[in-house]
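Okay, so here's the structure we're looking at.
Just so it is clear: chains get the letters A, B, ... in the order the sequence lines come, proteins before strands, and each one is counted from 1. Side-chain atoms are counted along with the backbone in the values below, which use heavy atoms only and exclude waters and symmetry mates.
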Number of protein chains: 2
Amino acid sequence: MDEPASLAHLSAPRSIVEFRERLAELNDMMPKRLRQCAEYVGANLERIAVSTVSELASGADVPPSAVMRFCQILGFSGFTEMQKLFRESYFSGWPDYSVRLQNLKASGAGSPSALLGEFIEAGRLSLESLAASVDEVALNSAVGLLVRAETIHIVGFRRAFPVSTYLAYVFEKMSIPTMLHDGVGKLDPRFAMRRGDAMLAITFAPYSEETVALAQDARARGLPVVALTDFATSPLGRISDTVLTVHEVDFGAFRSLSATIALAISLAVAVASARDTLNE
Amino acid sequence: MDEPASLAHLSAPRSIVEFRERLAELNDMMPKRLRQCAEYVGANLERIAVSTVSELASGADVPPSAVMRFCQILGFSGFTEMQKLFRESYFSGWPDYSVRLQNLKASGAGSPSALLGEFIEAGRLSLESLAASVDEVALNSAVGLLVRAETIHIVGFRRAFPVSTYLAYVFEKMSIPTMLHDGVGKLDPRFAMRRGDAMLAITFAPYSEETVALAQDARARGLPVVALTDFATSPLGRISDTVLTVHEVDFGAFRSLSATIALAISLAVAVASARDTLNE
DNA sequence: GTTGTTTTGGAATTTTTATTCCATTTTTAA
DNA sequence: TTAAAAATGGAATAAAAATTCCAAAACAAC
């Protein structure tokens, strides 16, 4: 009754995150069938809310009773309790939003409210697709490059310019030396780039020549270049050490910046916190 | 057996869109209880996949048998068949976003990916809350003021500056005369404002004095002022003809711009299309 | 190999959920 | 006002789940 590393747990996970932790923690000490359950469930978390025991069982290729044992080992009283967790967490953050959005969009084609509904939807889709497509390796490596930079040079014009100015603002707030290349006075910005600096270049199709040229120049001077762009095939792709891609869902001819800005601020904050720990 | 506008339908809806259509089509000829069902179900479509008959029934405040009749009137053999439609379309339209997000957030506190997960979530919440809180009247009146402007003056510094530059970019793309007040050279921008122009001022707490001062000045010269700000109590509130408020959900000390930019682009596109119809 | 332990599969049971049916009430039209 | 039709609510039933239990199989230690 007092097994040190027992499978049995007294408390059920209270959130999806806890659920995943429990899954990882127990995975090693589970017998074959239960591990099959764990594997299938872990890879199909979103199904749990709408599946039955036997559907899950046949998905994992085990008998239903194995699924029951699996639920209990995780700390739930049974399948019903486990499913409850997933059903509830589905609605968090989903109050009357979808209804309001429908209302907005329905308020007359071309009306400002209808437009707003569409852009909100596009923004949301962009964020969701970003969540599903981040390249974590690239992101980590981008942080790594920028952490070591003396000064970060930010380049991006036209549609990318708001992202540049936002990054410059955020970096400044966190006391990180940056230089925003804004093209004022058409001065030649190349001489500001010094050994030990890094460049963060931002451009989207149709790619701005100035941005690409500056990135190229930085590269030639031996500065590491991080690219924030829309496709891996972008001209920045060949030039840069690390490429972060982000795809914005457009509405009509217009493309917003929700996902791009989310990625940009994450990058900035990650760099800042990594610097802090570096200096401690 | 040959009723012309009967409630009974032979074929069940094959998709959510068809489902909505059927709902709208039948709504007029339904009796009281069934209409209650229709209303509740229509407003809580996403619940169907994970609800039981009696949960739905108590949500709509009708007995379970009414829900059964409702399903059958829509063309389904029963509740189970109707639920099947929603469970299946659960995965297609809304892939594994929430799971991916959980994955991101779980990837180690402080890691870049985890940060990104948080900012994506914050952005999404901001957009959703914008959908739920737009003041359609104010939005329409803002469009009305800006449509009639000869030149639109855009003012906004620090965190609002990316929004300003974005608006300037979008207006420019649509050939609308704008002047972005960027503070370069600290020139006095007041003399650029001419009768017939309008100002679009953007600021968030802590409110930038320059922005407020410029808006005040525009007002004094008789230009209409549209404010884009975070609270109705903002200093711009007293000065402006129309106030658009947008509340960004923050993560830690950081606030992104998803909702603000969605509102900004909607405003810009609405102004542009209203101008086009004006000139036809 | 034998013995004790853990794991497994599926049949039996219990609980929950969906569905039907019909007596009662409400509405509609004459 | 009354008769016919439609709608309603709830009790009864059927179906489908979840859950338990135990005999058989697999495994481990000796």
Can you tell me the distance, in whole Å, between the [atom1] atom of [X] and the [atom2] atom of [N]?
X	N	atom1	atom2	answer
A/Leu56	D/dA16	CG	C1'	16 Å
B/Arg33	C/dT27	CZ	P	10 Å
B/Ile73	D/dT8	CD1	P	10 Å
A/Glu55	D/dA16	CD	P	13 Å
A/Phe79	C/dT15	CZ	C1'	15 Å
A/Met29	C/dT6	CE	C1'	16 Å
B/Arg87	D/dA16	CZ	P	14 Å
B/Lys32	C/dT28	NZ	P	12 Å

* Asked: Do NZ/NE/NH1/NH2 and the carboxylate oxygens of A/Glu39 and A/Arg35 come within less than 4.0 Å?
  ->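 No salt bridge links A/Glu39 with A/Arg35.
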* Asked: Hey, are B/Thr260 and B/Glu248 close enough side-chain-wise for a donor-acceptor pair under 3.5 Å?
  ->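 Short answer, yes.
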* Is it the case that more than 12 heavy atoms not belonging to B/Glu81 sit under 6.0 Å from its CD atom? ->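 Yes.
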Check every atom of [options] against the side chain of [X] and return the nucleotide holding the closest atom.
X	options	result
B/Thr80	D/dT19, C/dT8, C/dA18	C/dA18
A/Met68	D/dT19, D/dA7, C/dA18	D/dT19
A/Arg69	C/dA18, D/dG9, C/dG9	C/dG9
B/Pro63	C/dT8, C/dA18, D/dG9	D/dG9

* D/dC21 phosphate, OP1 or OP2: any side-chain N/O from A/Ser65 under 4.0 angstrom? ->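 A/Ser65 to D/dC21 OP1/OP2: no side-chain N or O under 4.0 Å.
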* Asked: Is any side-chain nitrogen or oxygen of A/Gln72 closer than 4.0 Å to OP1 or OP2 of D/dT20?
  ->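 For D/dT20, OP1 or OP2 has a side-chain N or O of A/Gln72 closer than 4.0 Å.
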* Report yes if the distance between the aromatic ring centroids of A/Phe79 and A/Phe70 is under 6.0 Å, otherwise no. =>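 Centroid separation for A/Phe79 and A/Phe70: 6.0 Å or greater.
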* **Considering all heavy atoms, the nearest B/Tyr166-A/Leu257 contact** =>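 Where B/Tyr166 meets A/Leu257 most closely, the heavy atoms are CD1-CD1, 3.6 Å.
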